[in-house]
Amino acid sequence: MPELPEVETVRKTLKQFVLNKTIDDVKVYWPNIIKKPDDVEEFKQLLRGQSIVDISRRGKFLLFQLDDYVLISHLRMEGKYSVHQAIESVKKHTHVLFTFTDGKELRYNDVRKFGTMHIYVKGEEMSDKPLNQLGPDPFDPAFTLEYLYQKFKKTERIVKSVLLDQTIVAGLGNIYVDETLFRAGVHPLKKSNKLTKKEVQKIRKQAILTLEEAVEQGGTTIRSYVNSQGEMGMFQQELFVYGQENEPCKKCGNAVIKLKVGGRGTHICPSCQKE
DNA sequence: TTTTATGTTTCTGG
DNA sequence: GCCAGAAACATAAA
């Protein structure tokens with residue numbers, strides 16, 4: 001579900017609720033979510049007594065900064081965090097539950113159980129997976145025109161696949177790639193190494209702008225996304241093509257169409273985005 | 001009832 | 001190295 005703007009919104013809302021709380025205990029109802037350490041009992045043991053010092057974000061990953069460790073959480077398609085009183089009943093899709101010393105609970109809910117969690121000793125998280133292969137965030141000064149142009153230049157892959165590739169740039173997913181390519185006027189099937197520098201500059205600029213606007217709007221809610229306060233995003237009102245199949249293009253009036261690109265549903269305006 | 005699609009990522013076979 | 005397809009799962013819509 002969540003791409004960079006949704007994860008950023010979760011980060012901000014969640015931080016208000018759990019900052020400076022101390023973990024008393026942890027329950028894990030679906031162990032497959034825990035990827036590191038291998039042993040779930042060790043996962044729990046590492047967290048006991050740790051306080052949440054900060055929550056940061058890298059690409060689509062949330063980073064719970066603890067006293068001695070970093071808990072890296074990826075929401076994949078349906079992951080959500082919510083804060084409860086211990087007395088509230090635990091839902092069917094709650095798979096990890098953190099109890100705080102003040103009696104409140106942080107619950108990780110994930111209908112499809114695709115989410116992941118890793119724990120690293122603070123300072124070691126960037127040199128191993130899942131964070132070590134990530135490209136720059138779009139907001140990172142390292143995400144320059146020259147950087148992106150060089151990456152595009154050396155691959156025959158279609159541009160949509162490259163933008164979805166988190167080792168190139170971290171944070172774009174299916175919605176924002178479609179929106180970025182529409183705004184840049186580039187067809188998703190175009191080979192990356194065929195793009196002119198001007199087109200690459202447009203893609204870069206629109207990627208950054210689109211994500212910035214989406215963060216301001218609290219993300220995009222198409223079907224199930226809500227932040228940690230249970231609030232929906234508002235950016236769906238600003239979408240040009242994603243989910244707009246058969247609707248008139250907001251720029252030219254022609255019908256938006258949906259195709260399959262790299263196995264993903266892909267929305268374009270065929271007259272604004274020529275192949 | 002059955003099939004298809006879903007905001008993600010990773011693995012396998014060709 | 002790249003692509004297609006499947007897999008990890010559950011659910012709502014067609």
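A note on names: the letters A, B, ... follow the listed sequences, proteins ahead of strands, and every chain is numbered from 1.
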Colleague: A/H74 side chain N/O closer than 4.0 Å to the phosphate oxygens (OP1, OP2) of B/dT9?
Modeller: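 It does, given that an N or O in the side chain of A/H74 lies less than 4.0 Å from OP1 or OP2 of B/dT9.
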Colleague: Consider ring-ring contact (aromatic ring centres under 6.0 Å, His included). Of A/F182, A/Y176, A/F235, which one does A/F240 pass it with?
Modeller: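 In the set A/F182, A/Y176, A/F235, the residue that makes a ring-ring contact (aromatic ring centres under 6.0 Å, His included) with A/F240 is A/F182.
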Colleague: Would you measure the distance from the C1' atom in B/dT1 across to the matching atom in C/dA8 and give it in whole Å?
Modeller: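 One C1' to the other, the span is 25 Å.
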Colleague: Where the side chain of A/K205 meets the backbone of A/A184, is there a donor-acceptor pair that is under 3.5 Å apart?
Modeller: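 No; judged by distance alone, with no hydrogens or angles, the pair does not exist.
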Colleague: So what does A/K129 hit on the nucleic acid, given a heavy-atom distance under 4.0 Å: a base, only sugar-phosphate, or nothing?
Modeller: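 If one applies the 4.0 Å heavy-atom cut-off, A/K129 turns out to touch nothing in the nucleic acid.
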Colleague: So A/K92, base contact, sugar-phosphate only, or nothing? Heavy-atom distance under 4.0 Å.
Modeller: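 Touches sugar-phosphate only.
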Colleague: A/L134 CG to B/dT8 P: how many Å, rounded?
Modeller: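 From A/L134 CG to B/dT8 P: 14 Å.
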Colleague: Please report, rounded to the nearest Å, how far the C1' atom of B/dT8 is from the CG atom of A/L62.
Modeller: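 Taking atom C1' of B/dT8 as the reference, CG of A/L62 is at 14 Å.
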Colleague: CG of A/L164 versus P of C/dC2: gap in Å, rounded?
Modeller: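 Rounding to the nearest Å, CG of A/L164 and P of C/dC2 are 14 Å apart.
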Colleague: At under 4.0 Å between heavy atoms, what does A/Q166 touch on the DNA or RNA strands: base, sugar-phosphate, or nothing?
Modeller: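 Since only primed, P, OP1 and OP2 atoms lie under 4.0 Å of A/Q166, the category is sugar-phosphate.
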Colleague: Looking at A/S161, I'd like to know whether one of its side-chain N or O atoms comes within less than 4.0 Å of OP1 or OP2 on C/dC3.
Modeller: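 Looking at the OP1 and OP2 atoms of C/dC3, neither is under 4.0 Å from any side-chain N or O of A/S161.
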Colleague: In this structure, how many angstroms lie between the P atom of C/dC2 and the CG atom of A/N193, rounded?
Modeller: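 A/N193 atom CG is separated from C/dC2 atom P by 11 Å.
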Colleague: Hey, does the side chain of A/K60 come within less than 4.0 Å of B/dT9's phosphate (OP1/OP2), counting only N and O?
Modeller: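 For B/dT9, OP1 or OP2 has a side-chain N or O of A/K60 closer than 4.0 Å.
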Colleague: When you match A/P130 and A/H267 each to their closest nucleotide on DNA chain B, which lands nearer the 5' end?
Modeller: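 Of the two residues, A/H267 wins.
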Colleague: Does any pair with a residue in residues 172-191 of chain A pass salt bridge (Lys or Arg N to Asp or Glu O under 4.0 Å), and if so which ones, sequence neighbours excluded?
Modeller: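 Of all non-adjacent pairs touching residues 172-191 of chain A, those that pass salt bridge (Lys or Arg N to Asp or Glu O under 4.0 Å) are A/K160-A/D178, A/R183-A/E213, A/K190-A/E199.
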Colleague: Whole angstroms only, please: what is the CD1-P distance between A/I168 and B/dT8?
Modeller: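 Taking atom P of B/dT8 as the reference, CD1 of A/I168 is at 17 Å.
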Colleague: Taking the six-membered ring for Trp and the single ring otherwise, decide whether the centroids of A/Y242 and A/H267 are under 6.0 Å apart.
Modeller: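 So the answer is yes for these two rings.
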Colleague: Does a nitrogen or oxygen in the side chain of A/H93 sit under 4.0 Å from OP1 or OP2 of C/dT11?
Modeller: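 True: A/H93 side-chain N/O within range (under 4.0 Å) of C/dT11 OP1/OP2.
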Colleague: Look at the aromatic rings of A/Y120 and A/H118 and report parallel, tilted or perpendicular, splitting at 30° and 60°.
Modeller: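 If you compare the ring of A/Y120 with that of A/H118, the planes turn out parallel.
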Colleague: In the structure shown, which nucleotide is the Watson-Crick or G-U wobble counterpart of C/dC9, with both distances under 3.5 Å?
Modeller: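 Base-paired to nothing in any strand shown.
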Colleague: Look at A/K258 and B/dT6 and indicate whether a side-chain polar atom (N or O) is within less than 4.0 Å of OP1 or OP2.
Modeller: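 Yes, such a contact exists.
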Colleague: For A/R58 and B/dT8, what is the distance between atoms CZ and C1' respectively, to the nearest whole Å?
Modeller: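 My rounded result for the distance is 17 Å.
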Colleague: For A/D110, answer base if it contacts any base atom (sugar-phosphate contacts may also be present), sugar-phosphate if it contacts only those atoms, and nothing otherwise; contact means non-hydrogen atoms under 4.0 Å.
Modeller: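 The answer is nothing, as A/D110 stays clear of every strand by at least 4.0 Å.
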Colleague: Take the protein atom CD of A/E156 and the nucleotide atom P of C/dC3, then report the distance between them rounded to whole Å.
Modeller: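 Distance, rounded to whole Å: 9 Å.
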Colleague: Calculate the interatomic distance between A/F114 atom CZ and C/dC9 atom P; express it in whole Å.
Modeller: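 Those two atoms, CZ and P, are 8 Å apart.
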Colleague: Measure the acute angle between the ring planes of A/F61 and A/H74, then classify it against the limits of 30° and 60° as parallel, tilted or perpendicular.
Modeller: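 If you compare the ring of A/F61 with that of A/H74, the planes turn out perpendicular.
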Colleague: Check every strand shown and say whether A/G263 touches a base, only sugar-phosphate, or nothing at a heavy-atom separation below 4.0 Å.
Modeller: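 Since no nucleic acid heavy atom lies under 4.0 Å of A/G263, the category is nothing.
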Colleague: Check this one for me: any side-chain N or O of A/R76 less than 4.0 Å away from OP1 or OP2 of C/dA8?
Modeller: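 So the side chain of A/R76 is outside the cut-off, no N or O lying under 4.0 Å from OP1 or OP2 of C/dA8.
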